[in-house]
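The structure appears right after this line, and notes come after that.
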There are 2 protein chains.
Amino acid sequence: MGEAEQAGSTQEGAARRAGKAPSTEETQRVFESLRNAVLDQRLPPGLQLKEQALADAFGVNRAVVRQALARLEIYRLVTHAPNRGVFVAHPSAAEGRDLFTARRYIEAAIVELAVERLKDADIARLRALVRQERQAYEAQDVRKALRLSVDFHLQLADAVGNTVLASFLDEIVTRMPLVVLAHRRESPPACMLDDHEQILDAIAAGDAGRARALMIEHVGHLEGRVSLDRGTQQGDSGIARLLGLEEGCGS
Amino acid sequence: MGEAEQAGSTQEGAARRAGKAPSTEETQRVFESLRNAVLDQRLPPGLQLKEQALADAFGVNRAVVRQALARLEIYRLVTHAPNRGVFVAHPSAAEGRDLFTARRYIEAAIVELAVERLKDADIARLRALVRQERQAYEAQDVRKALRLSVDFHLQLADAVGNTVLASFLDEIVTRMPLVVLAHRRESPPACMLDDHEQILDAIAAGDAGRARALMIEHVGHLEGRVSLDRGTQQGDSGIARLLGLEEGCGS
DNA sequence: GATTACATGATTGTCAACAATTTTCAGAGA
DNA sequence: TCTCTGAAAATTGTTGACAATCATGTAATC
């Protein structure tokens with residue numbers, strides 16, 4: 001299933017943020033491959049991850065796979081059913097709502113701090129990232145665009161320099177793709193390419209209130225792409241999910 | 001070292017918040033015992049946690065201990081030195097600052113939501129907790145008071161009902177004792193027994209702005225008990241730490 | 001006396017075999 | 001056709017042994 005990933009700025013950043021000390025490089029490698037697979041929406045919720053299959057695929061021992069899976073479980077990317085196995089998580093609507101609510105607060109905190117702490121070089125780097133993201137969209141490379149879109153948020157958090165808030169945001173955005181897969185709307189609304197750019201403008205202008213409002217609105221746009229209403233079932237049961245596998249626009 | 005803990009409302013709550021699915025009950029048991037030991041400030045930063053010793057102490061296999069330690073590592077309660085072992089974390093001053101900053105934002109979010117969502121029964125339960133806390137202080141049971149003080153924050157978060165924010169706060173408050181141990185001020189300022197009560201009053205009165213301000217101020221009081229100035233060394237080197245093992249007042 | 005080289009012990013990391021549990025599937029019976 | 005039973009296969013959980021690495025203490029050398 002998940003094999004070697006393309007090296008990118010996200011991987012090392014994630015290692016610093018979430019993965020921490022590589023408790024044996026092998027475990028870390030397997031963990032990050034699976035985590036990246038989730039980020040790229042390659043793993044459908046509910047899929048069983050069998051230890052031996054993963055061990056064979058990665059060329060490692062089952063014990064290593066087991067540790068990687070245990071770590072994924074802590075980040076709630078998989079659920080562990082005792083004596084049954086681990087399955088890609090299938091977040092409930094309530095969980096999705098909690099994630100978006102928490103994301104609003106965390107992102108608001110980050111932009112607030114960004115106005116105070118970001119250097120010109122940081123803003124320039126983030127602007128370059130937004131340009132890349134736009135190019136990816138224009139090139140129809142949706143997967144890459146989605147990834148760059150996530151990277152924008154993560155690198156903004158990194159630039160702010162608060163490791164705790166950065167790791168929290170990292171956990172949230174990593175769990176988001178599963179929420180999207182489990183609760184996608186049939187007709188996704190139009191993509192919002194300009195949000196990131198406007199947020200950067202507000203930060204660069206030192207307008208904390210506007211930056212904060214824009215970011216909260218941006219998260220609202222993202223939440224609009226899924227249906228998390230209070231009556232929604234936990235997620236469609238298998239078949240319906242496989243029909244909507246083409247991904248929309250990003251984070 | 002850490003053996004069975006007194007059962008209390010925190011344990012099950014923590015299991016729901018942070019611990020998640022008990023990937024084999026044994027692992028969860030070991031993890032929580034060690035986590036509780038950190039919360040009670042029984043584990044000095046820098047102490048090595050040897051796998052075999054823990055396995056013997058808990059009567060479990062080394063693999064179980066290994067998984068529990070890996071989990072502790074993700075919460076940054078321990079640091080893992082490859083081929084050397086795991087050691088109780090020794091948070092830097094920068095890490096401490098990040099934790100307090102993040103805590104301000106998270107707690108502010110929680111009280112904001114608390115004003116909207118808390119039922120009368122929730123408030124009554126929290127008031128009872130504050131009373132217990134006061135009694136513990138009056139009875140000079142500092143350890144219990146500290147624990148109840150932490151419980152107040154965690155149960156407030158639980159009552160709000162956002163599992164994501166609750167788990168974030170859980171991680172923060174669990175890491176705090178290590179920051180305190182590593183960067184304790186010589187003369188702790190007076191304890192602030194009334195903060196929790198006033199926060200509850202503001203929430204009960206529906207005054208979100210005041211509740212938020214009081215909570216931020218409260219976190220400021222907590223931060224005042226440690227010295228995290230930008231010139232401070234990572235922590236004193238062993239001997240000095242052992243001299244100041246008696247604990248102050250809580251969270 | 002201080003320092004380096006080396007042997008010893010302790011600890012972590014890896015692995016494969018075994019046990020326990022669950023799932024699957026074939027077949028009997030209603 | 002459906003359901004129940006039970007054996008077989010597949011999967012997870014556990015344990016112990018072995019290898020690799022690091023820390024400790026001793027002896028030799030400058």
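Here the structure is a predicted model, which is why all the values come from computation and not from measurement. Labels below follow one simple rule: chain letters A, B, ... track the order of the sequence lines, proteins then strands, and each chain is numbered from 1.
B/Phe100 pairs by the ring pair (Phe, Tyr, Trp, His ring centres under 6.0 Å) definition with nothing, not counting sequence neighbours. In this structure A/Asn61 satisfies the side chain to side chain contact (heavy atoms under 4.5 Å, CB included) test together with A/Ala63, A/Val64, sequence neighbours excluded. Looking at residues two or more places apart in sequence or on another chain, you find a side chain to side chain contact (heavy atoms under 4.5 Å, CB included) between A/Ala109 and A/Leu165, B/Tyr105. Residues that satisfy the salt bridge (Lys or Arg N to Asp or Glu O under 4.0 Å) test with A/Glu223, not counting sequence neighbours, are A/Arg104. Partners of B/Ala53 under the side chain to side chain contact (heavy atoms under 4.5 Å, CB included) rule, at least two apart in sequence or in another chain, are B/Lys50.
The listed nucleotides are D/dT21, D/dT12, C/dC15; the one nearest the side chain of B/Asn83 is D/dT21. The side chain of A/Arg66 has D/dT14 as its nearest neighbour among C/dT21, D/dT14, D/dT11. Side-chain atoms of B/Arg62 lie closest to C/dG13 of the nucleotides C/dA17, C/dT22, C/dG13.
Between the CD atom of B/Glu51 and the C1' atom of C/dT14 there is a distance of 12 Å, given to the nearest Å. In this structure, A/Gln67 atom CD and D/dG13 atom P are separated by 14 Å, rounded to whole Å. Between the CG atom of B/Leu47 and the P atom of C/dT11 there is a distance of 13 Å, rounded to whole Å. Going from atom NZ of A/Lys50 over to atom C1' of D/dG13 covers 17 Å, rounded to whole Å. To the nearest angstrom, C1' of D/dT11 lies 13 Å from CG of A/Leu69. Nucleotide D/dC18 holds its P atom 16 Å from the CD atom of B/Gln52, rounded to whole Å. What separates CD of B/Glu26 from P of D/dT15 is a distance of 9 Å, to the nearest Å.
B/Glu26 has a carboxylate O that lies under 4.0 Å from a charged side-chain N of B/Arg29, or vice versa, which qualifies the two as a salt bridge. Using a 4.0 Å cut-off between a side-chain N of Lys or Arg and a carboxylate O of Asp or Glu, A/Asp122 and A/Arg125 qualify as a salt bridge.
Within 4.0 Å (heavy atoms only), B/Asn61 reaches at least one base atom of the nucleic acid.
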Every protein N/O within reach of nucleotides 23-25 of chain D N/O, cut-off under 3.5 Å:
residue	atom	partner	partner atom	Å
D/dA23	OP1	B/Arg84	NE	2.4

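Proximity of B/His80 to the phosphate of C/dT11: no side-chain N or O atom is located under 4.0 Å from OP1 or OP2.
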